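Here the structure is laid out as structure tokens; the discussion comes afterwards.
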2 protein chains.
Amino acid sequence: MVMPKPAARSYHHGNLRQALLEAALELAQQRGPEGVSVREAARRLGVSPAAPFRHFPNRRALMTAMAEEASERLRIEVRKSLTREKGNALERLSSVGRGYLQWARRHPSHFRIISARDQIDIAGSAALVRNVEEVRDLTVQALRAAQAQGLIAAELDAAALALLARATVYGLARMQLDDHFGQWGIAPAAVPAAMNATLALLVTLMAATAKLDRA
Amino acid sequence: MVMPKPAARSYHHGNLRQALLEAALELAQQRGPEGVSVREAARRLGVSPAAPFRHFPNRRALMTAMAEEASERLRIEVRKSLTREKGNALERLSSVGRGYLQWARRHPSHFRIISARDQIDIAGSAALVRNVEEVRDLTVQALRAAQAQGLIAAELDAAALALLARATVYGLARMQLDDHFGQWGIAPAAVPAAMNATLALLVTLMAATAKLDRA
DNA sequence: ACCTGAACACCGTTCAAGT
DNA sequence: ACCTGAACACCGTTCAAGT
């Protein structure tokens with residue numbers, strides 16, 4: 001007969017799932033993905049250790065749900081970065097890479113979760129697969145357009161170019177996550193510029209092949 | 001007054017440290033780096049859960065010791081691959097990349113451990129830092145030589161080229177660890193060829209800049 | 001339908017005590 | 001010097017029972 005108080009401990013009636021995702025993200029930010037504990041999330045929300053298992057079958061499913069949210073945001077960021085870009089196909093290609101890297105830099109915890117393939121069930125989430133695929137498709141499309149417009153040599157294998165572009169961008173993002181830049185003599189403040197310069201160099205190299213074509 | 005039996009359970013007197021490293025590697029191969037448990041390693045060796053802590057101050061130190069061994073082997077593999085290479089500086093550069101990638105493919109557990117920066121204390125191990133640095137230096141040296149010999153345009157920034165090469169190679173290795181190739185339509189059996197083709201494409205692009213120089 | 005309480009089989013780590 | 005045994009504060013997960 002007593003009405004539940006407006007905001008406080010309203011989790012108990014419907015939004016525990018969302019609250020768990022938020023608590024888990026907070027834990028990931030504080031301790032990294034491995035530090036996410038279902039029990040600790042429950043404790044912070046004032047529910048029993050068993051309560052989360054009504055909403056997620058296991059820890060992996062909770063992590064996967066976080067990855068879904070993250071991949072959605074990455075997809076939107078890359079799309080946005082493409083929408084703003086008014087240049088040619090080569091510049092659109094750069095734009096996809098810069099958008100991806102910028103998001104990875106600004107949301108390291110989210111990016112870590114997407115990358116933690118051992119802690120999420122990527123194949124088990126259609127949304128996750130779709131989001132990741134869309135980002136890849138935008139890269140491949142820009143590359144094909146660049147070749148069609150004569151900005152990159154047409155003889156080069158489109159799939160190989162795409163894989164090179166992806167390996168470079170993913171490599172840069174992971175080098176940051178895995179703390180490689182310090183050993184490369186690049187201070188944290190210089191990382192964004194170094195990433196964009198590397199990306200620009202790759203695009204320059206690709207564009208150089210078109211000039212050879214005309215020679 | 002009883003002499004210890006020759007081989008069986010000789011860990012108890014001197015080589016428990018090495019036995020722990022071997023048991024931990026076996027666990028890493030079976031369950032991944034996160035699955036390495038100090039207790040389980042001790043159990044498999046028939047010692048108490050506290051025994052390992054005489055040899056490693058904590059789990060992280062055990063993981064770091066494994067990473068030291070791994071980085072040593074990677075360094076040797078890359079060096080070997082360079083020794084066998086009789087071609088020019090550009091071919092030496094490819095060789096470093098191929099050696100790195102081949103090792104990563106053949107020893108995924110070891111490579112995972114080196115990459116698991118959140119589970120090891122890289123800065124705390126001089127040997128680890130040294131091994132990683134040497135591999136980087138071999139890349140940078142081959143690149144500089146290629147520029148000096150006119151095989152890559154001299155105007156290009158050597159540091160930027162090195163970072164691009166590293167990002168590409170590390171990206172490829174991580175894409176395999178993180179199971180990205182399936183989504184790129186590349187079957188496991190085709191991964192080595194795809195990696196080498198991507199590497200070859202990058203070197204080709206770099207070499208194309210030298211031809212432009214001469215034009 | 002959603003949550004609690006208690007339980008089970010695990011962890012990493014510490015520390016006094018044994019040889 | 002090296003290891004044991006017991007303890008502490010944690011995990012993920014299950015399940016009967018409560019509302």
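Predicted model, so just to flag it, every value in this text is computed and none were measured. Residue numbering restarts at 1 for every chain, and letters A, B, ... go by the order of the sequence lines. These values consider heavy atoms only, across backbone and side chains, with no hydrogens, waters or symmetry-generated copies.
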Fill in: Summary of side chain to side chain donor-acceptor pair (under 3.5 Å) pairs that have at least one residue in residues 26-35 of chain B, sequence neighbours excluded
B:E26-B:R44, B:Q30-B:R44
Discussion item. To the closest 0.5 Å, what do you measure between OG1 (B:T198) and CE (B:M195)?
Written reply: 8.5 Å
Worksheet item: How would you list, by chain and number, every residue that makes a side-chain hydrogen bond (donor to acceptor under 3.5 Å, both in side chains) with B:S81, sequence neighbours excluded?
Response: B:S95
Discussion item. Side chain of A:R39, heavy atoms from C-beta onward: which of D:dC3, C:dT13, D:dT13 has the nearest atom to it?
Written reply: D:dT13
Worksheet item: CG of B:L27 versus C1' of C:dC11: gap in Å, rounded?
Response: 13 Å
Item to complete: Just grab all the salt bridge (Lys or Arg N to Asp or Glu O under 4.0 Å) pairs involving residues 48-59 of chain B, residues at least two apart or on different chains.
Response: none
Fill in: Sub-4.0 Å heavy-atom contacts from residues 48-62 of chain A onto DNA chain D, ordered by number
A:P49, A:A50, A:F53, A:N58, A:R59
Item to complete: Quick one: pull up CD in A:Q176 and CZ in A:F181 and give me the separation to the nearest 0.5 Å.
Response: 6.5 Å
Discussion item. Within residues 29-37 of chain B, which residues have any heavy atom lying less than 4.0 Å from an atom of DNA chain C?
Written reply: B:V36, B:S37
Worksheet entry | Salt bridge flag under 4.0 Å for residues A:E69 and A:R73 | yes
Worksheet item: Does A:R136 make a cation-pi contact with B:W184, if we ask for NZ or CZ under 6.0 Å from the ring centre and within 45° of the axis?
Response: yes
Practice prompt. Check whether any side-chain N or O of B:S125 sits under 3.5 Å from a backbone N or O of B:I122 as a donor-acceptor pair, and report yes or no.
Written response: no
Worksheet item: Taking only side-chain nitrogens and oxygens of B:R43, does any of them come within less than 4.0 Å of OP1 or OP2 of C:dC11?
Response: yes
Worksheet item: B:R17 has an atom CZ; how far is it from atom P of D:dA1, in whole Å?
Response: 17 Å
Worksheet item: Between A:R43 and A:E40, is there a salt bridge with N-O shorter than 4.0 Å?
Response: yes
Discussion item. Please give the stem ranges for DNA chain C, sorted by first residue number, where a stem is three or more consecutive Watson-Crick or G-U pairs and both donor-acceptor distances are under 3.5 Å.
Written reply: C:4-8 with D:12-16, C:12-16 with D:4-8
Worksheet item: Is a side-chain donor or acceptor of A:T64 paired with a backbone partner of A:D121 at a separation under 3.5 angstrom?
Response: yes
